[in-house]
Amino acid sequence: MKAILVGIWNREVSKEEARESIRELGGLVRALGGRSIGYVLQNRSRPDPRFFIGEGKARQLEEVSRGTGADTIVFDDFLTPSQVRNLERLTQRRVLDRTDLVIEIFSRRAKSKEAKLQVELARLTHELPRLQGKGRQMSRLGGGVGTRGPGEQEAEIRRRLIKRRIHQIKKELEEVKKRRRHQRRRREMPAHGERIYKVAIVGYTNAGKSTLLRTLTGRETFSADMPFATLDTTTSARNLLPDLKILFTDTVGFIKKLPPELIESFKATLEEVSEADLILHVVDVSDDRWLDYIQTVKEILQELGAQDKPVIYVLNKVDRIVDSQEEVSHLPHPAFIEGKAILVSAEKRWGIEDLLKAIVEEVSRRDTVRA
Ligand SMILES: Nc1nc2c(ncn2[C@@H]2O[C@H](COP(=O)(O)OP(=O)(O)OP(=O)(O)O)[C@@H](O)[C@H]2O)c(=O)[nH]1
Ligand SMILES: [Mg+2]
């Protein structure tokens, strides 16, 4: 894929923010083995209903693509089905949006049966509205005005198949959910005199969640410098006190403009988050955009109904900011974070003792409140 990236900026989204977002979009293209060869930003208060950007600008995209050999144009925001069709006709190129890229990455990474089902559900839910009207367009090529051509019938059949498959996947996912609940109940059965707490590790993609789980519990996890390395939740236990067992759960990473289809589809997996007693919100503080990322993650937590849970911010990758563990204590405490925040390096195990202490404190506080 040789792609040109397109975004808009306005009073709500500054030009700088739009550019950052485009840079991240370029990362998604790379994650799919593609290359982005340039980007276009337009100042628009509102997307154009037909072409998202202005028609003149859309026409230019065709010329630019021809000049640069681009075969794909990727938009940084959700496109409506008719925008996709209009843009493809005008530019003679494949047109994708951020949702398409994220779903494609998810589907390449999905390994477990559950993850595969969830991704398929998201993809079909995303595809369904795009089939509306496609039949009319197809039949216009063949039949006369107003006739039901073969294209329309084909689209109708495909729509029906998709709806049936969606229904079937949802049923299978319900089963998965039941099984998960059952497993969870067994796992959460405390031994005599033991307390069990559930801690969900959440955060922006690539923040270091899986690395942290490995550091905290010794559980081998897959971590890699790429978006969405983890799609499946993994739970692993560790006793923090002889009578206190913590179940840590690693989860799928979040990203800006995460397609609602994906959030909806991954609800089975993400149930671990809404069931948790405590959330560890992992943040990559070596990334300039980390405050922004925190905001995004908070918004998604809200969608999952987990916004009121106690949170500890785990400010990770501090080894990229200072050279030694001693220097960490000289760093100013990020006062603008409300709530508890601990600076750590999950990779070098810096600050991990502090983090464990903070977890125990949080747990005792809860116990006091409960008693
Ligand atoms: N320098 C440094 N790198 C780290 C640290 N923790 C994680 N990383 C690196 O950051 C990258 C992402 O780590 P992961 O643990 O896969 O991140 P994740 O949050 O699980 O990412 P997704 O599952 O893709 O959402 C990997 O290349 C890790 O080696 C850290 O403390 N310091
Ligand atoms: Mg991970």
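One-based numbering, in listed order, for ligands and for the atoms of each.
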Legend entry - Spacing of R50 atom CZ and N86 atom CG [to the nearest 0.5 Å]: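 These two atoms lie 7.5 Å from each other.
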Inset, instruction - Kindly compute the distance separating CG (L5) from CG (D76), expressed to the nearest 0.5 Å. - result: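 Here the rounded value is 8.0 Å.
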Legend entry - Side-chain ion pair, E127 and R130, N-O less than 4.0 Å: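 Salt bridge absent between E127 and R130.
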Inset, instruction - Could you name the protein residues that come within less than 4.0 Å of ligand 1, counting only heavy atoms, and order them by chain and residue number? - result: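 Contacting ligand 1 under 4.0 Å are T205, N206, A207, G208, K209, S210, T211, S223, A224, D225, M226, P227, F228, A229, T230, G253, N316, K317, D319, R320, S345, A346, E347.
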Inset, instruction - State the count of protein N/O/S atoms located less than 2.8 Å away from the Mg ion (ligand 2). - result: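 Protein N, O or S neighbours of the Mg ion (ligand 2) under 2.8 Å, waters not counted, come to 2.
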Inset, instruction - Assign the ring pair Y313 / H281 to parallel, tilted or perpendicular, where the plane angle (0 to 90°) is split at 30° and 60°. - result: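 Aromatic pair Y313/H281 classed tilted.
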Legend entry - Those residues that, when tested against S107, pass side-chain hydrogen bond (donor to acceptor under 3.5 Å, both in side chains) (two or more places apart):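 Listed in chain order: R123.
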Inset, instruction - Heavy atoms only: give me the nearest D48-Q83 pair and the separation to one decimal. - result: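 So the minimum-distance heavy-atom pair works out to O-NE2, 2.8 Å.
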Legend entry - ring-ring contact (aromatic ring centres under 6.0 Å, His included): pairs with one or both residues in residues 6-40, sequence neighbours excluded: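 As it turns out, there is no ring-ring contact (aromatic ring centres under 6.0 Å, His included) pair with a partner in residues 6-40 once direct neighbours are skipped.
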Legend entry - R180 versus Q183, side-chain donor and acceptor atoms under 3.5 Å: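 Short answer, no.
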Legend entry - Check: R219/T234 side-chain N/O donor and acceptor closer than 3.5 Å: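 R219 vs T234: no donor-acceptor pair found between side chains.
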